[in-house]
Amino acid sequence: MKIGVLALQGDFREHLDTLGAIGVEGVEVRRPEQLSDVSGLILPGGESTAIRRLIERWGLREPILDLARRGAPLFGTCAGMIVLSREIEGDEAPVLPLLDISVARNAFGRQLDSFEADLQVPVLGDQPVHGVFIRAPVVERTGPDVDVLARLEDGRVVAVREKNILATAFHPELAGETRFHRLVAAMASEHDDPGEGAGRRPHPIRRTNAANG
Ligand code: GLN
């Protein structure tokens, strides 16, 4: 099983190192054809404006959307979270609108450009996650199918999951934190080989219709 790491810009090497640390093969993805044999994809931190431009330029948009629609896990950190959001504050057009969230870029302002915080992330166990925030976004709205995985002490949402799509406003890959990558690898192998009883799930993007309850 291979996990792709989008290697257009940003801290993709740290993600590859983190995958290496847990014994998972990570591969750099720059071209659409490199997506054909990956079981999941990580979108690193960096500069979302640059990443979005390069996604368009190299024709990666549709192939990545396709991978997500097939149920493979996608995991975005920081700029990667922005790239996966359905709404970006300031009316920037969404790139890969896979997560039903709104994000504000650079939400912590100049004075708090970068900071670190220990976060409770119950899906990863009791041990807190050390989050490194670098000109980080914050999640301002979550849709009904989005699970909040972590909040700052003041309640602001900084990690989410919607089915096979995960995102954090912070960088676990810069803090020696491997549990998110382990989770992605577990989701990827489940996607490759659904266990007995799990069955092959249809299209992972479920539509809800409140009027029909
Ligand atoms: N501030 C960057 C952006 O808006 C994200 C920073 C990061 O990924 N560390 O794209």
Any Leu84 side-chain heavy atom under 4.5 Å of Leu43 side chain: yes

Pairwise ring pair (Phe, Tyr, Trp, His ring centres under 6.0 Å) hits with a residue in residues 19-49, at least two apart: none

Side chain proximity check, Val27 to Ile3, heavy atoms < 4.5 angstrom: no

Shared hydrophobic cluster, Val138 / Leu149 (ILVMFWY, side-chain heavy atoms < 4.5 Å): yes

Residue pair Leu16 / Glu28, side-chain heavy-atom distance below 4.5 Å: yes

Heavy-atom side-chain proximity of Met81 to Val103 below 4.5 angstrom: yes

Exceeds 12 heavy-atom contacts within 6.0 angstrom, atom CG of Asp154: yes

For Asp11 against Pro44, the heavy-atom pair lying closest together: OD1-CB, 3.4 Å

Side chain to side chain contact (heavy atoms under 4.5 Å, CB included) evaluation trace for Val158 with Leu119: CA-CA 9 Å; Val158 290; Leu119 305 161; 4.3 Å; yes

Distance, nearest 0.5 Å, that separates CD1 of Ile101 from OG of Ser85: 3.5 Å

Donor + acceptor pair across side chains of Glu116, His130 (<3.5 Å): yes

Heavy atoms from other residues, nucleotides or ligands near CD of Glu33 exceed 12 (cutoff 6.0 Å): yes

Verdict with reasoning, Val160 to Thr142, per side chain to side chain contact (heavy atoms under 4.5 Å, CB included): CA-CA 8 Å; Val160 293; Thr142 55; 4.2 Å; yes

Non-hydrogen side-chain atoms of Val139 and Arg156 separated by less than 4.5 Å: no

Pairwise distance CD(Glu14) to OG1(Thr77) - rounded to 0.5 angstrom: 9.5 Å

Spatial distance of atom CG (Asn106) from atom CD1 (Ile134) [nearest 0.5 Å]: 12.0 Å

Side chain to side chain, Leu19 and Ile42, heavy atoms closer than 4.5 Å: yes

Residue pairs fulfilling salt bridge (charged side-chain N to carboxylate O under 4.0 Å, His left out) with at least one residue in residues 126-141, sequence neighbours excluded: Glu87-Arg141, Asp100-Arg141

Separation between CZ of Arg31 and CD of Gln34, rounded to the nearest 0.5 Å: 7.5 Å

Cluster link Val121 to Leu174, ILVMFWY, side chain under 4.5 Å: no

Pairs involving residues 53-86, ordered by first then second residue, that meet ring pair (Phe, Tyr, Trp, His ring centres under 6.0 Å) (sequence neighbours left out): Phe75-Phe180, Phe75-His181

Shortest non-hydrogen separation from Cys78 to Pro137 and the atoms involved: SG-CD, 3.6 Å

Closest heavy-atom pair and its distance - Gly46, Ala79: N-CB, 3.4 Å

Contacts of type side-chain contact (heavy atoms from CB on, under 4.5 Å), residue Ile55, not counting sequence neighbours: Leu6, Leu8, Ile51, Leu60, Arg61, Val83, Val95, Leu96

Exercise: identify the closest heavy-atom pair between Arg30 and Ala7: NE-O, 3.1 Å

Name of the residue among Leu41, Val29, Asn164 meeting side-chain contact (heavy atoms from CB on, under 4.5 Å) with Leu67: Leu41

Short N-O contact, Arg13 and Glu173, less than 4.0 angstrom: no

In one Ile/Leu/Val/Met/Phe/Trp/Tyr side-chain cluster, 4.5 Å: Val146, Ile82: yes

Close side-chain approach of Phe170 and Val129, heavy atoms under 4.5 Å: yes

Distance, nearest 0.5 Å, that separates CZ of Arg161 from CG of Leu99: 11.0 Å

Nearest non-hydrogen partners of His191 and Pro73, listed with the distance: CB-CD, 4.4 Å

Partner set under side-chain contact (heavy atoms from CB on, under 4.5 Å) for Arg151, not counting sequence neighbours: Val148, Val157

Counterpart residues, side-chain contact (heavy atoms from CB on, under 4.5 Å), relative to Pro94 (two or more places apart): Pro97

Side chain to side chain contact (heavy atoms under 4.5 Å, CB included) assessment of Phe108 paired with Leu152: CA-CA 12 Å; Phe108 299 94; Leu152 291 170; 3.6 Å; yes

Single-linkage hydrophobic cluster, 4.5 Å side-chain cutoff, Val5 and Val24 together: yes

Verdict with supporting geometry, Arg105 and Glu47, salt bridge (Lys or Arg N to Asp or Glu O under 4.0 Å): CA-CA 10 Å; Arg105 293 178 61 192; Glu47 201 45 58; 3.0 Å; yes

CA sep, side-chain torsions, deciding dist, call: His171, Glu177, side chain to side chain contact (heavy atoms under 4.5 Å, CB included): CA-CA 9 Å; His171 294 274; Glu177 170 60 59; over 6 Å; no

Nearest heavy-atom neighbours spanning Ala93 and Ile88: O-CD1, 3.9 Å

Close side-chain approach of Ser189 and Ser39, heavy atoms under 4.5 Å: no

Note: Arg69-Glu62 ion pair, threshold 4.0 Å (strictly below): yes

Gap between atom CD of Gln9 and atom OG1 of Thr49 - 0.5 Å precision: 9.0 Å

